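The structure appears below as structure tokens.
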Amino acid sequence: MHIDKYERNWIRLAGGMLVVFLLALTVSAFFLGIQLPGIADHATPVAAAGGEFDVNRGWVRELAPGRYEVNMRARVWAFEPNEIRIPAGSTVTFYIHSDDIIHGFKIQDTTVSLMVFPDVTAMATYTFEKPGEYPFVCHEYCGAGHHFMSGRIIVEAL
Ligand code: CUA
């Protein structure tokens with residue numbers, strides 16, 4: 001069977017790339033230990049801090065000056081709490097859990113972007129240096145009211 005010279009070269013190139021990718025996958029999975037994120041990478045649900053804080057409700061608590069912890073609940077179609085006020089320079093750790101179906105949690109102009117599952121608590125920490133308003137939204141389609149699922153973090157100037 002006659003194969004054109006250029007076609008043969010492209011077949012070789014494509015075949016060679018497949019071998020390279022397969023090698024890269026094999027090396028990263030078995031020798032570098034790179035895996036897809038699993039349950040082991042998620043935080044465990046945040047423990048209630050005494051009777052004052054109910055794990056099943058959203059809350060914000062100050063751990064130390066400039067250090068905050070947020071227990072956030074996502075459900076159709078709202079976040080609780082949906083407005084958080086902190087002073088500029090604060091480091092906030094978000095623990096977020098869904099009460100029903102899969103949601104998303106993305107804070108604009110930050111690196112915080114999480115998938116939110118029922119029965120798993122996702123975690124992210126961020127330091128809000130610049131004062132201003134940081135809107136957050138659900139970025140996983142979750143039904144008729146998906147586009148209403150939002151809130152904001154108000155970072156107040158010191
Ligand atoms: Cu919740 Cu989209």
Side-chain angles (χ1 to χ4, degrees), residues 17-18 20-22 24-158:
M17 279 164 66
L18 280 179
V20 169
F21 292 152
L22 204 64
L25 271 178
T26 308
V27 169
S28 57
F30 296 104
F31 297 99
L32 303 178
I34 296 171
Q35 305 286 339
L36 286 173
I39 297 301
D41 295 324
H42 290 268
T44 48
V46 65
E52 195 186 339
F53 295 99
D54 179 353
V55 188
N56 296 310
R57 293 194 60 85
W59 41 254
V60 181
R61 75 173 156 147
E62 189 176 6
L63 302 173
R67 208 49 203 88
Y68 292 84
E69 185 177 74
V70 175
N71 178 35
M72 191 171 273
R73 316 294 300 185
R75 65 177 69 96
V76 285
W77 286 286
F79 289 103
E80 182 197 9
N82 65 4
E83 191 177 296
I84 296 166
R85 244 170 228 281
I86 47 162
S90 295
T91 300
V92 184
T93 300
F94 297 90
Y95 293 91
I96 182 162
H97 181 277
S98 169
D99 289 340
D100 37 48
I101 56 173
I102 295 174
H103 296 282
F105 179 62
K106 178 170 172 51
I107 309 174
Q108 193 178 302
D109 300 326
T110 71
T111 52
V112 179
S113 177
L114 297 168
M115 291 272 286
V116 184
F117 299 93
D119 302 323
V120 177
T121 302
M123 186 196 81
T125 299
Y126 189 80
T127 302
F128 294 86
E129 298 289 0
K130 272 201 302 194
E133 221 178 278
Y134 295 74
F136 57 83
V137 294
C138 173
H139 64 320
E140 289 292 331
Y141 183 71
C142 57
H146 163 69
H147 55 289
F148 295 123
M149 260 188 95
S150 65
R152 59 192 182 145
I153 295 159
I154 299 156
V155 179
E156 293 169 331
L158 292 173

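Whatever order the structure lists them in is the order used to number ligands and atoms, beginning at 1. Worth saying up front: this structure is predicted, and the values here are computed from it rather than measured.
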Tell me, please, which residues at least two apart from Y141 pass ring-ring contact (aromatic ring centres under 6.0 Å, His included).
H146
Not counting sequence neighbours, which residues clear side chain to side chain contact (heavy atoms under 4.5 Å, CB included) with Q108? List them please.
P135
Please identify each residue that fulfils side chain to side chain contact (heavy atoms under 4.5 Å, CB included) with Y126, with sequence neighbours left out.
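Listed in chain order: T110, T111, V112, F128.
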2.8 Å cut-off (strict), protein N, O or S atoms about atom 2 (Cu) of ligand 1:
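My tally for this metal is 4.
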Does this structure show an ion pair linking E156 with R85, if we count only N-O contacts that are shorter than 4.0 Å?
yes
Whether E80 and R73 form a salt bridge (side-chain N of Lys/Arg under 4.0 Å from carboxylate O of Asp/Glu) is what I want to check.
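So R73 does not pair with E80 through a salt bridge.
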Residue pair L158 / P87: nearest heavy atoms and the distance that separates them:
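Taking L158 first and P87 second, the nearest heavy atoms are CD2-CB, 3.5 Å.
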